[in-house]
Each structure stands twice: as C-alpha cells, then as structure tokens.
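Letters A, B, ... are given to chains in the order of the sequence lines, protein chains preceding strands, and every chain is numbered from 1. This is a predicted model, so every value here is computed, not measured. Quick note: numbers below take in every heavy atom, side chains included, and nothing from hydrogens, waters or symmetry partners.
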Number of protein chains: 2
Amino acid sequence: MSKGEKDVTIYDIADKLNISAATVSRALKDHPRVNKNTKKLIVKTAEEMGYLSNSFASNLRKKSSNIIGLIVPRLNSNFMADVIAGIEKVLNNNNYNLFISQSLETMTKEIANANAMLVNRVDGLLVSLAYDTTNIDHFDPFIKRQVPVIFFDRVFESDSCPQIYIDNQKAAYEVTSHLIKQGCKRVMHITASQLRNVYADRLAGYKKALEDNAIKFDESLVIINDLSREAGIQAAQQILDMPNKPDGIFVANDSCAVSCMQTLIKAGINIPHDIAVAGFNNDPMTCVIEPNLTTVNYKGYEMGEVAAKLVIDRLVNKNEFHPAHGVILRSELIVRESSTRIT
Amino acid sequence: MSKGEKDVTIYDIADKLNISAATVSRALKDHPRVNKNTKKLIVKTAEEMGYLSNSFASNLRKKSSNIIGLIVPRLNSNFMADVIAGIEKVLNNNNYNLFISQSLETMTKEIANANAMLVNRVDGLLVSLAYDTTNIDHFDPFIKRQVPVIFFDRVFESDSCPQIYIDNQKAAYEVTSHLIKQGCKRVMHITASQLRNVYADRLAGYKKALEDNAIKFDESLVIINDLSREAGIQAAQQILDMPNKPDGIFVANDSCAVSCMQTLIKAGINIPHDIAVAGFNNDPMTCVIEPNLTTVNYKGYEMGEVAAKLVIDRLVNKNEFHPAHGVILRSELIVRESSTRIT
DNA sequence: TAAATTTGCGCAATCGATTGTATTATTTTA
DNA sequence: TAAAATAATACAATCGATTGCGCAAATTTA
C-alpha cells in the first residue's frame with residue numbers, strides 16, 4: 001500500500017544536520033534561543049526534505065488544536081455565508097482554523113455535531129442554535145474543560161457563554177409599527193419555534209407594537225411554523241381560507257415571506273394594497289420578488305467577526321469574558337414596495 | 001487558569017480498575033480479545049469518570065484522522081448545501097467527520113485551504129475548484145502522501161484524482177437547442193472562466209447547438225464574467241446598448257440570469273417575447289422571478305453522496321480508484337416561462 | 001489426562017513534537 | 001585573566017492511545 005516515502009520528521013532533519021530534535025523544533029517555530037544561521041539552515045533543510053509538521057503530535061503535547069468549531073442550523077443562506085466569512089477573516093489572522101458543521105435545525109444533529117467537536121478537541125466553539133434545541137447540556141463538556149462556547153444570533157441564556165445578537169424585539173417592533181403606519185389594522189405574524197430568542201423576541205416586539213397602537217393582540221393572527229418555503233405556501237393557503245383576512249403580514253424570515261407572497265399574489269391578492277408584507281434578513285431574494293420585499297437587514301459579517309474576536313481574545317489574550325455577556329449589534333428596517341401604501 | 005480537573009485518560013481508568021491500559025484501550029474499542037464483563041465494567045467506569053478519548057494521541061498512533069476535507073468555491077448556494085448534506089450523510093454513516101472550507105473563488109484562498117487541510121492531516125479531500133485556479137499543484141502533497149483527492153462539479157483533468165460531474169456540454173446543448181426551437185436566431189451566452197470545465201463545456205455545447213442549427217457562431221454574443229448578480233446587471237446594460245440585440249440568452253448560472261433579467265425587464269424588454277432567457281442550476285430563485293426561469297437541474301445531494309462514497313470506498317475498503325475515473329451524473333432541462341414562446 | 005487451542009490480559013515500544021532543565025561554548029565584565 | 005553572564009544546543013521526559021508479542025489461565029480435543 002504505502003509505497004510513499006515515510007513522512008519526514010524533525011528527527012530526520014536533526015539526523016541529517018547532526019543536531020538535536022529539540023533545536024530543530026525550536027528553530028522551526030522561530031524560538032529566540034536558536035542561532036540565526038542554524039535556524040536558516042534548518043528551515044531550508046526542512047523545506048528541501050518536504051517536512052510537514054505533524055499536528056497530532058504537536059497538539060497532543062500542547063493540548064490544543066488551534067481549531068475553532070462552528071455549529072449553525074443551515075449553511076445555505078446568505079446570512080450564514082456572511083457570518084462565516086467574518087469568522088474566517090478573524091481566525092485566519094490569528095492562525096486558527098475553522099471546523100464547520102450544520103445541525104439542519106435538529107437538536108439531535110446538533111448534539112452529534114457538538115460531540116464531533118469535542119472529540120476533535122476544538123479550542124473554542126461558536127454556536128447558533130437549532131429550532132428545537134431545548135437545552136444546552138451538550139455544551140457542558142466544553143465548559144467543564146474550559147473550552148469557550150459562544151452563542152450568536154440564536155442564543156441561549158447562560159452565564160458561562162457570551163451571546164451576540166441583534167435586538168430582535170426592537171426590530172420586530174419597528175417592522176410592525178411600520179405596517180400599522182401604512183394603515184394595517186390586522187397584522188399577522190408568521191414565525192418559528194418560540195424556544196429561540198430570535199423568534200420569541202420578534203413576537204414580543206410585534207405584540208408590543210400592537211399594544212402601543214391600541215390594537216388588541218389576536219392569537220389567531222399568529223402562525224408558528226418552520227419558516228420554510230413550503231410553510232410559506234401553507235400559511236398563504238391558510239390566509240386565503242380566512243373569512244376575515246389580515247391586511248398586513250410580518251414574516252420572521254424572507255424565504256418564507258417570499259413563498260407566502262407568491263401564493264397570495266397567484267390567488268389574486270394585491271400586495272401591498274390588500275395585504276402589506278414584510279420579512280426579515282434582507283436575503284437577495286427580497287429584491288427579486290415583485291413587489292420587492294420590506295425586510296430587516298443585519299450584518300452577518302460583523303456578527304461573525306465579533307464572535308470570532310471574542311474567542312480569540314479569550315484564547316490568545318487569555319482574557320476572561322467580559323462580565324456583561326451580551327453584545328448587541330445593529331439592525332435596520334429596509335422599506336420596499338411590498339409594504340408601501342403611502343408615498 | 002485550568003482549575004478544571006485534568007482530563008481522564010485510559011491510565012486513570014486502568015489504575016482505578018487495577019488493570020492495564022492496553023486492556024482499557026481494547027475494551028473501549030470493543031476488541032474481541034477482551035472479556036465481555038471486563039468490557040462492560042470498563043465502559044461503565046469510563047463513562048462514570050467522564051472519559052473522553054484523546055484523538056490527538058489516537059490519530060498520532062494510528063496515523064489517520066478520520067476527517068475528510070472539503071473545499072468549495074462558496075457555501076451560500078442551495079446546490080452546495082445539497083452537496084454537503086449528501087457528503088455528510090455518507091461520512092457520518094462511516095464514522096468520518098467533515099472539515100469544510102470555502103475558497104471564495106480565488107486560487108490563493110484555495111491554496112491556503114489546502115494547506116490547512118494538509119496540516120490537519122485529513123484522510124481524504126473533496127474539491128470543487130475556484131474560478132481562477134490555473135493548476136492543481138497544491139494538491140500534490142496529498143497525492144504524494146496517498147491521501148485521496150476527488151474533484152466534483154468543477155473538476156480538473158488528472159490521472160491521480162477521480163472526477164464527478166454532469167455532462168455540461170450536453171446540458172448546454174439542450175438549453176441552446178431549446179432556445180433556438182423557440183424561435184431565437186441570435187442566442188447570447190453569458191458564462192465564466194474558461195479554465196473551469198463547467199463553463200468551457202457549456203460554451204462548447206452552446207456552440208455545437210448553433211452549428212447543428214446552421215447558425216454561425218458570433219464571438220460578440222459571448223460574455224465572460226464572474227456570474228455574480230452585479231455581473232448580470234452589467235451584462236444587461238451591455239445588451240441594452242447593443243444596436244442588434246440578441247433574442248435569446250443562455251446564462252451559465254441562475255443568480256446572474258435573474259439579475260440580468262430583472263434589469264432587462266426594468267428597461268422595458270419583454271421576456272420571453274423580445275428575449276428568451278435560460279439559466280443553470282435550478283436555484284429556488286428561479287421560481288421567484290417573473291417570468292419563472294428556465295434552467296438546468298442537477299442533484300447536488302447525489303453528487304455529494306457519490307463523491308463521499310468514492311473516498312470512503314478507497315479509505316475503508318482499501319479499493320483502488322476505478323480505472324475509469326469519471327462519474328457522470330444526470331441533469332435535466334426544466335422549461336419555464338422565461339423561454340416559452342410556443343405553447 | 002496430556003496435548004493443543006483458545007481466551008484474556010499485560011508489557012513495553014511507538015507515534016512526533018514540545019519544553020524544563022542541564023550542559024557546553026562564547027562573550028562580557030571586573 | 002579569572003569570573004560571571006549570556007548564548008546556543010542537547011538530554012530526556014512527556015502528551016495519551018495503540019498494538020505486536022508474550023504469557024498464563026481456561027477450555028477443548030484427542
């Protein structure tokens with residue numbers, strides 16, 4: 001099988017140069033106590049011999065992997081792509097690698113992912129929770145081992161883990177208020193699992209806006225589903241069957257909002273005049289659908305950066321997490337035609 | 001710093017039970033030469049003590065990581081999400097983990113990613129190439145070390161690496177033929193870097209279809225860009241400036257096709273009657289744009305599965321790669337309103 | 001019942017890099 | 001020039017799991 005020449009080790013280099021492996025090791029990591037010329041020679045020889053440091057050995061000895069784990073619900077969104085880009089930038093600058101996995105919105109897979117991260121001994125963990133995660137016991141082993149765990153976007157209240165998110169309640173309040181200002185009297189809200197802060201807070205913001213506008217909260221105007229495209233179609237059908245239809249809809253994500261809109265439009269509903277619609281996330285899709293979708297924008301890239309900086313700060317600079325665990329990032333309402341009645 | 005109790009090792013378990021570490025090690029991996037009762041006791045004790053196998057030590061000794069690397073141009077597409085899901089399913093079933101990274105379409109980052117994979121000693125590597133990758137020298141170290149490298153979708157001709165892709169030429173031929181059948185006489189083609197098989201083959205298929213329909217190939221009807229949304233807008237503007245406009249456009253990906261269409265429509269062009277349009281990939285967006293976009297569908301999930309199975313087969317079953325290196329998967333033309341003139 | 005197997009377990013080397021503690025060579029200081 | 005300080009290198013233990021080999025006990029076979 002392995003006709004391939006054996007991997008070159010620091011011992012091979014040491015033998016060749018008649019020096020000790022310790023010096024080779026130190027030279028390769030630019031230790032100050034090694035003579036400059038020796039260093040140069042060693043580095044050159046290592047290169048010539050095709051040396052590749054064995055990270056297993058190194059990690060074993062150093063008890064660290066320089067790998068940060070990332071667990072997200074899904075990868076196929078622009079938001080997550082931005083988050084990842086932000087994380088990668090910071091990690092690369094600090095010589096850390098990223099281990100990515102997706103839970104596909106299930107706690108089961110999230111647990112499996114966490115275990116994989118544990119076994120592969122990541123030095124830190126960044127997490128955005130799945131829909132149905134009811135507790136975060138699966139992250140306890142990390143905390144016990146002093147591996148920093150940081151939640152972003154879909155966070156979980158925990159004293160041991162910092163959290164990064166936007167003010168979802170405020171954002172939802174703004175969306176709902178905006179719809180009301182456009183003349184909506186019966187605003188519907190479509191959202192997902194109330195286990196997740198992002199959806200619970202958005203519902204809270206929605207309720208608060210109703211309240212502040214003296215509109216009575218109507219339970220029948222709230223739909224909780226998985227915010228998938230299919231769910232959007234179903235929700236639309238449900239709306240079409242309603243005798244007393246809403247005149248505004250605030251959907252907690254864009255792809256669901258879009259499919260819902262499409263279905264409504266096909267059924268002859270005029271948007272925004274019969275029903276005004278708003279989404280959340282500012283997905284590229286929002287500018288493809290006609291009329292363009294009002295939505296909430298927030299910067300995934302920045303969120304990724306902040307999360308990564310927090311871990312790095314903890315790992316590299318040995319800083320304890322700031323006592324105030326929450327970092328709240330900015331978001332903005334983007335008004336487009338799907339909700340514009342007054343011009 | 002680390003007040004956390006030290007990690008439990010097999011030696012701790014061995015001491016506690018007054019047996020050897022060798023037996024503990026064997027018991028934990030269910031070695032047949034260990035008594036069933038001893039095994040049970042060891043497993044139970046390990047659990048109680050909160051034992052976690054140290055993969056560094058294990059990997060060092062076994063010279064394998066059980067990690068497969070994945071390098072893709074971008075993560076934020078539905079196609080890639082499907083691919084990844086397919087890969088993960090197969091890998092999980094075989095007790096392998098996945099290490100994901102994105103090149104963001106640049107060779108520089110692709111090389112950096114490859115090096116990270118090398119350092120972290122993945123057991124196998126799955127790759128879809130960036131736009132501007134001109135050679136695959138950065139994968140040589142893997143091949144030298146007998147680490148299987150498999151290309152999918154955006155492949156590179158190489159004797160050492162199997163390739164999985166669709167028949168892009170045929171698919172493009174079908175798209176172009178379809179447009180011609182709808183009455184198009186001047187079909188434009190918008191595509192990307194001809195370094196990549198997918199785009200070179202699509203151009204070839206486009207040319208072949210023209211030829212077979214006795215239409216002379218016109219260089220000025222081919223635009224090569226990066227197929228981004230912005231590029232689609234630019235391309236549309238370029239078209240609008242043309243004195244002799246095309247009456248059909250075949251774009252090599254959907255998001256570019258969509259933004260191009262949007263721009264054309266805004267300028268008063270009627271699609272499909274003035275210009276018929278077709279894309280590639282069957283992104284969800286194709287059913288959001290009006291008129292819905294004709295496109296080519298191919299199954300990312302299956303492609304991921306096949307790629308992963310190939311590595312696993314090589315690693316687990318020690319099978320050499322099949323002499324016929326290419327696996328060609330099925331694709332299908334999906335005709336929608338953006339190109340339907342005849343009904 | 002003696003011989004041959006099989007079962008169960010331990011010894012000790014090994015994987016390759018790191019690092020605290022010598023040790024030797026060189027330079028500086030007194 | 002001897003003593004002290006510094007620079008450069010080497011020694012050897014260590015990280016924790018794996019595994020070939022050996023040995024004893026238990027079981028089977030003849």
Could you tell me the separation between the [atom1] atom of [X] and the [atom2] atom of [N], rounded to a whole number of Å?
{"X": "A:Asn59", "N": "C:dT18", "atom1": "CG", "atom2": "P", "answer": "9 Å"}
{"X": "B:Lys62", "N": "C:dA13", "atom1": "NZ", "atom2": "C1'", "answer": "19 Å"}
{"X": "B:Arg33", "N": "C:dT5", "atom1": "CZ", "atom2": "C1'", "answer": "11 Å"}
{"X": "B:Arg61", "N": "C:dA13", "atom1": "CZ", "atom2": "P", "answer": "12 Å"}
{"X": "B:His31", "N": "C:dG8", "atom1": "NE2", "atom2": "C1'", "answer": "11 Å"}

Notebook entry, point to check: How about B:Tyr301 and B:Phe79: are their ring centres within less than 6.0 Å of each other?
Noted result: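 Ring-ring flag for B:Tyr301/B:Phe79: false, centres at least 6.0 Å apart.
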query: Are the aromatic ring centres of A:Phe152 and A:Tyr165 under 6.0 angstrom apart?
result: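 No, the ring of A:Phe152 stays outside the 6.0 Å limit from the ring of A:Tyr165, centre to centre.
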**Request:** Could you point out which residue of A:Lys63, A:Lys144, A:Arg121 forms a side-chain hydrogen bond (donor to acceptor under 3.5 Å, both in side chains) with B:Asp7?
**Result:**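 Of the listed residues A:Lys63, A:Lys144, A:Arg121, the side-chain hydrogen bond (donor to acceptor under 3.5 Å, both in side chains) partner of B:Asp7 is A:Arg121.
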Give [X] one of three labels, base, sugar-phosphate or nothing, depending on what nucleic acid heavy atoms sit under 4.0 Å from its own.
{"X": "A:Ser25", "result": "base"}
{"X": "B:Ser55", "result": "nothing"}
{"X": "A:Tyr11", "result": "base"}
{"X": "B:Leu28", "result": "nothing"}
{"X": "A:Asn18", "result": "sugar-phosphate"}

**Prompt:** Could you give the distance from OG (A:Ser101) to CD1 (A:Ile71), rounded to the nearest 0.5 Å?
**Reply:**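 A:Ser101 atom OG to A:Ile71 atom CD1 measures 4.5 Å (nearest 0.5 Å).
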Fill in: Positional range of nucleotides in DNA chain D within the contact set of chain B, heavy-atom, under 4.0 Å
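Contacts span D:dG16 to D:dC21, reading 5' to 3'.
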Between B:Ser20 and B:Thr23, do the side chains contain a donor N or O and an acceptor N or O under 3.5 Å apart?
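The criterion, which ignores hydrogens and geometry beyond distance, is satisfied for B:Ser20 and B:Thr23.
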Q | Check ion pair A:Glu88-B:Lys109 (N to O, under 4.0 angstrom) | A |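 A salt bridge links A:Glu88 with B:Lys109.
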Starting from the 5' end of DNA chain C, give me the residue, B:Lys63 or B:Lys39, whose nearest nucleotide shows up first.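 That would be B:Lys39.
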Partners meeting salt bridge (charged side-chain N to carboxylate O under 4.0 Å, His left out) with B:Glu48 (sequence neighbours left out):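 For B:Glu48, the residues satisfying salt bridge (charged side-chain N to carboxylate O under 4.0 Å, His left out) (neighbours in sequence not counted) are B:Lys44.
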Report the residue (B:Ala22 or B:Phe56) whose heavy-atom-nearest nucleotide on DNA chain D is the more 5′ of the two.
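It is B:Phe56, whose closest nucleotide lies nearer the 5' terminus.
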